[in-house]
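Contents: one structure, followed by commentary.
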There are 2 protein chains.
Amino acid sequence: MSTIRDVSKLAGVSVATISRYLNQSGYVSKEAEETILAAIQKLNYKPNNIARSLAGKRTATIALLVPDILNPFFPEIARAAEDVASRLGYTLILCNTDYNPDKERNYIDVLINKRIDGIIISSYTIRPEQIYALEAENIPVVVIDNAWEDTPIVSITSANRTGGQMAAQHLLDSGCQKIAHICGPYHITAAKNRMLGYEDVCKQQEWFTPSLMVYGDFSVSGGYSAMRELYAKHPDIEGVFAGNDLMAAGAMKALHEFSVRIPDQVKVIGYDGIHMDMFYPELSTIAQPIYSIGERAMMYLDQMIKEHPLEKKNYLIDVQLIVNASSRSL
Amino acid sequence: MSTIRDVSKLAGVSVATISRYLNQSGYVSKEAEETILAAIQKLNYKPNNIARSLAGKRTATIALLVPDILNPFFPEIARAAEDVASRLGYTLILCNTDYNPDKERNYIDVLINKRIDGIIISSYTIRPEQIYALEAENIPVVVIDNAWEDTPIVSITSANRTGGQMAAQHLLDSGCQKIAHICGPYHITAAKNRMLGYEDVCKQQEWFTPSLMVYGDFSVSGGYSAMRELYAKHPDIEGVFAGNDLMAAGAMKALHEFSVRIPDQVKVIGYDGIHMDMFYPELSTIAQPIYSIGERAMMYLDQMIKEHPLEKKNYLIDVQLIVNASSRSL
DNA sequence: GTGTAATGTGTAACCGTTTACACACATAGT
DNA sequence: ACTATGTGTGTAAACGGTTACACATTACAC
């Protein structure tokens, strides 16, 4: 493995000139350029990124901190972030925190020591202070799928409350009378906002009662249990809005076992828009543009790294109602 | 951000001693240890990993090269690799190649320049020479889900041919007469071996005919189209073995649309064992221990990095027949 | 008392870049 | 002729660690 000094010797110019050539910084004459290029090719020289980072302060590495890459929401985020990252010349480090604040803290320390250039965080437990601590180390942060009001933090969330309203309204418009909601975990802002959206629309309906809202843990089995519980209490429900698609799938599975026909007897809508094309009847959902979220997170991060101006606030992303067979009016 | 020299000054010992203390290499007296610890805490000193890598040659970073993290097989691999990596003190870089050899080559170059310690590769286009090139740079490689015969390369695959036999045999044992196979892409070794397993079992059956084997692209829609094609030619089939679970799901969707009852009329089995608990009837499958594959890949890699002996060969992992509703005999 | 090994510490070179600064020379404006 | 400015290059000091080597002290065996 040859070094810049080997090239310098072979080309007969100083290392500074080589460096200037490589980084297109400062002046380099035409002749110098040519001899350098020749030497580089002859030696098959590749600059050492480690040394580069040590001297130049940039590692061209960004980290993506997610609770669990197995949750289908996150591969899509990862895919988008990685696409943009690789286009911009960054490399992406993947970190699973397992919803565990200790692992999270630990990872943040490791990443600081690795001098990463920036970090995209998805966490429901992280505190704003931790983000300020990162920024104090000059590491820009973008938070996704979570936000705090009135804090100078760049975050990206989808319009959860509006989305919740859209879902409920859609079921209402489709003629459903008793609409239940399977809510995601209480401490997750996104879940809470979706529930608030549901309440906005349903609270004043004469059939409304709080027991139409049950909690699930955002998993298929959580949705399944929630649906069984719900059906035991309210066998006459006509619509179900699940806080995410996985729970919607679980709910449909339960309904299926009760021999409830979808969408004839009960219409179901989920939230997220993850790819579940294997599923039938195909699930209606409020689609978040997941890919765009990852993409924008990475782009905002790049802007911050390059010290371009960017307002530190929550960026809301629009959602879209997708009507499929699971809630289609006949 | 304080440096080792700041600590040195405050503790009144040389940087060498600090370094020895930090790395537990060489002798350090009890008193020195205490003053150093105190100084470190006072300054909140954290060693700079970049500098460490430059001097010490190790980056504590490994890369995972996958075609597409959106394919549900890979998040599980990533999850396993990351779990083990983080336990062993490595950090995981995620790279999507999009099944594109150019992106692949490009990534490999970038990773060499970043002086990563090792790389786990899943690729159906990579050539052994590229792996030798990496090893020439002293970067150990573990290949997963692909292998070459008689090459000194560490690779991990599941027992695809045996698995194919198991799937076909299971359908046969369940009383199916005409069993079709939806095969994965021709150039993927794993797909081919599964097909060979199917042939081993079915070729000598009197109902066998080559047109019972059709190709799909390992996606849901690929399985869907393949099934439609198959059903048009052979409306009397009684069993379908799909080369992976996604295609099996697509096939079931198509059968569903033809109002074919599963498993009464047609039994379906997939391959992979990805988590599709939302699916009903639940899919029978030949489960690969995907998590173990990722786990072992990372452990082998660690062994190679630490220069512990490891035979360079293909390691086969056993698969398991999982019988669910989609192929249950009544 | 001497030789040998274990323990403990510091100096300085090194890892492979970037970059501030100094300097040389050419060109052009006054 | 004298600046100013633009072009081109080299020297050497960072960046923040690790580690080979030299050297000092102590312990212990003989």
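Every chain is numbered from 1, with letters handed out A, B, ... down the list of sequences.
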Which pairs with one or both residues in residues 103-112 of chain A pass salt bridge (charged side-chain N to carboxylate O under 4.0 Å, His left out), sequence neighbours excluded? D98(A)-K103(A), D102(A)-R105(A)

Go through the structure and list residues passing salt bridge (Lys or Arg N to Asp or Glu O under 4.0 Å) with E33(B), not counting sequence neighbours. K30(B)

Any donor-acceptor pair under 3.5 Å linking the side-chain atoms of S155(B) with those of N314(B)? yes

NZ/NE/NH1/NH2 to OD/OE distance under 4.0 Å, R87(A) and D83(A): no

Nucleotide N/O of nucleotides 21-23 of chain C paired with protein N/O under 3.5 Å:
none

Quick check on contacts: within residues 21-49 of chain A, what sits under 4.0 Å from DNA chain C by heavy-atom distance? N23(A), Y45(A), K46(A), P47(A), N48(A)

Output all residues satisfying ring pair (Phe, Tyr, Trp, His ring centres under 6.0 Å) with Y300(A), sequence neighbours left out; order by chain, then residue number. Y315(A)

When we call it a touch if two heavy atoms are under 4.0 Å apart, what does S19(A) touch: a base, just sugar-phosphate, or nothing? base

Hey, could you give me the CD1/CG distance between I116(B) and L111(B), rounded to the nearest 0.5 Å? 4.5 Å

Using whole Å, what does the distance between atom P of nucleotide dT11(D) and atom CD1 of I4(A) come to? 14 Å

4.5 Å side-chain heavy-atom contact, T61(B) and K114(A): yes

Taking K46(A) first and then E137(B), would you say they form a salt bridge - that is, a charged N and a carboxylate O separated by under 4.0 Å? no

From CD1 of I50(A) over to C1' of dG16(C), roughly how many Å is that when rounded to an integer? 10 Å

M299(B) atom CE, neighbour heavy-atom count above 12 within 6.0 Å: no

Whole-Å distance, I18(B) CD1 to dT9(C) P, equals 11 Å

N113(B) CG to dC15(C) P, straight-line distance once rounded to whole Å: 18 Å

Can you check the R5(B) CZ to dG16(D) C1' distance for me, whole Å? 6 Å

Output yes when at least one side-chain N/O atom of T17(A) is less than 4.0 Å from OP1 or OP2 of dG10(D), else no. yes

Listed in order of residue number, which residues of residues 8-16 of chain B have a non-hydrogen atom at under 4.0 Å from DNA chain C? G12(B), V13(B), S14(B), V15(B), A16(B)

Counting C-beta onward and ignoring hydrogens, is there a side-chain heavy-atom pair between T157(A) and I317(A) closer than 4.5 Å? no

Counting distance alone, no hydrogens or angles: does the base of dG16(D) have a donor or acceptor under 3.5 Å from a partner atom on the side chain of R52(B)? no

Expressed as a whole number of angstroms, how long is the span from K114(A):NZ to dG17(D):P? 15 Å

Residue E129(A) excluded, over 12 heavy atoms near CD under 6.0 Å: yes

